[in-house]
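Worksheet: the structure to be examined is printed underneath.
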Amino acid sequence: MPSFKIAFPDEEELLAEKSFRTYKNYLKSIELIIETLYGSELFHKLKLALRNDVPVTAAKPASTVDLNKIKKLLFNAWYSEIILYLPNSFDPGLKFYSNHWAPVQAYYSVYLSLRSLIESSGVNCREDHTNTLNLIASWIKNDNLFLPPWNACCKGCVEYGNHKFYCLPDGYTAKEVSTLTNPSRDNMWDFYSLMLRTTRDRILNKRKMDWKRKHNRKRMLKAEIFELDKNIHPTTIFDSLYRLRIRSNYEDADAFMMGTQTQQDAENYHKALVTITGATLFTIETCIMQFLGKDNFKNLVDEFKKRDPVKQSEKTIKTRADVILS
């Protein structure tokens, strides 16, 4: 008789699966929120919501900003997004591989768009991730620059449970949820708030490690931890995308190979990341267009399309620009 051997996953494989499912479920929950808030005609609904809600009175005149620098940043962002989108043209099974680098492409597409937004506004801000995320968080917290879910943030010391969430739905209270369960419309905001909370906690833990190393200490006093936390900007979706980029780029590469159980999981992960990136870019680009003016923004889009011989931008920036400029 033939013999059968049952192979159980080892500890490393189980950890990789848990990591991938966590990332996938965070992204799926955000995708669910966006689809629930704005429906199937995503860009049209976003445009209606954004029409009267983007503050532009503080912007410098478009003639005073560096359009050439803005062009370089936007073109880089749009090229990065096309690379993120390209696996949709491949054998779906290849997303097992492409998903490893997809968070990097998604984050840089968003980050470079944010840098374009800052340049378009005429605000001075050092060109690094920390200062950029800090400035964007201050805009979210104080200036109502973004719509839900991009305007949600978390502030306060998670370690001691005194953190608070801002701009979540009226009457909503964050509830505990297992990241290994599937997100639904009933718990999507629980996933989102957990993502913001854990992102903030990891930022604090990294700063604690740096502080202990600098001061040659093994422990910190509660007051010292609170002082560190006080200097952390409100944690936003942009910090979470940066965290996912770091995990993918440096720390959790195995999660996207060993941790992906099915082709459907890989496709769902990629689809959520593409949806979130496209919707995020639409909101940022709408702000940029209002800062620069319709003609300047249209000229940038037209020039980019001319540099795209195989017309991949037809599926990305052109789709958004057609709505933004209509």
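Small disclaimer: the values here were computed from a predicted structure and weren't measured.
For K155, there are no side-chain hydrogen bond (donor to acceptor under 3.5 Å, both in side chains) partners two or more places apart in sequence or in a different chain. The salt bridge (Lys or Arg N to Asp or Glu O under 4.0 Å) test applied to E224 returns R217, not counting sequence neighbours. Residues passing the salt bridge (Lys or Arg N to Asp or Glu O under 4.0 Å) test with K206 are D210, sequence neighbours excluded. With sequence neighbours excluded, no residue forms a side-chain hydrogen bond (donor to acceptor under 3.5 Å, both in side chains) with Y192. Scanning for ring-ring contact (aromatic ring centres under 6.0 Å, His included) contacts around Y79 gives F304, with sequence neighbours left out. In this structure, the side-chain contact (heavy atoms from CB on, under 4.5 Å) partners of L94, at least two apart in sequence or on a different chain, are F90, D91, Y97. Residues satisfying the side-chain hydrogen bond (donor to acceptor under 3.5 Å, both in side chains) criterion with S116, sequence neighbours excluded, are absent altogether.
W101 and I83 fall into different hydrophobic clusters, where Ile, Leu, Val, Met, Phe, Trp and Tyr side chains are chained together by heavy-atom contacts under 4.5 Å.
Exactly one of W150, Y111, Y107, F146 qualifies for a ring pair (Phe, Tyr, Trp, His ring centres under 6.0 Å) with F238. That residue is F146.
Annotation for K305: atom NZ counts as buried by contact number, over 12 foreign heavy atoms lying within 6.0 Å.
The hydrophobic side chain of L221 is isolated, with no ILVMFWY side chain under 4.5 Å apart from it.
Taking the ring centre of F191 as origin, the terminal cationic atom of K28 falls outside the region bounded by 6.0 Å and 45° from the ring axis.
Using modelled atom types, one finds no donor on one side chain facing an acceptor on the other under 3.5 Å when comparing S19 with R247. When only modelled atom types and interatomic distance are considered, E303 and N299 share no side-chain donor-acceptor pair under 3.5 Å.
Within the structure, the ring pair (Phe, Tyr, Trp, His ring centres under 6.0 Å) test picks out the following pairs touching residues 194-219 (sequence neighbours left out): W211-H215. Pairs of residues two or more places apart, or lying in two chains, that qualify as salt bridge (Lys or Arg N to Asp or Glu O under 4.0 Å) and include a residue from residues 181-190 are K175-D190. A salt bridge (Lys or Arg N to Asp or Glu O under 4.0 Å) check over residues 33-46, counting only residues at least two apart or in different chains, returns the pairs E35-K271.
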N/O donor to acceptor pairs below 3.5 angstrom from side-chain atoms of residues 156-163, sequence neighbours left out:
from, atom 1, to, atom 2, distance (Å)
E159, OE1, K208, NZ, 2.7
E159, OE2, K208, NZ, 3.3
N162, OD1, C157, N, 2.6

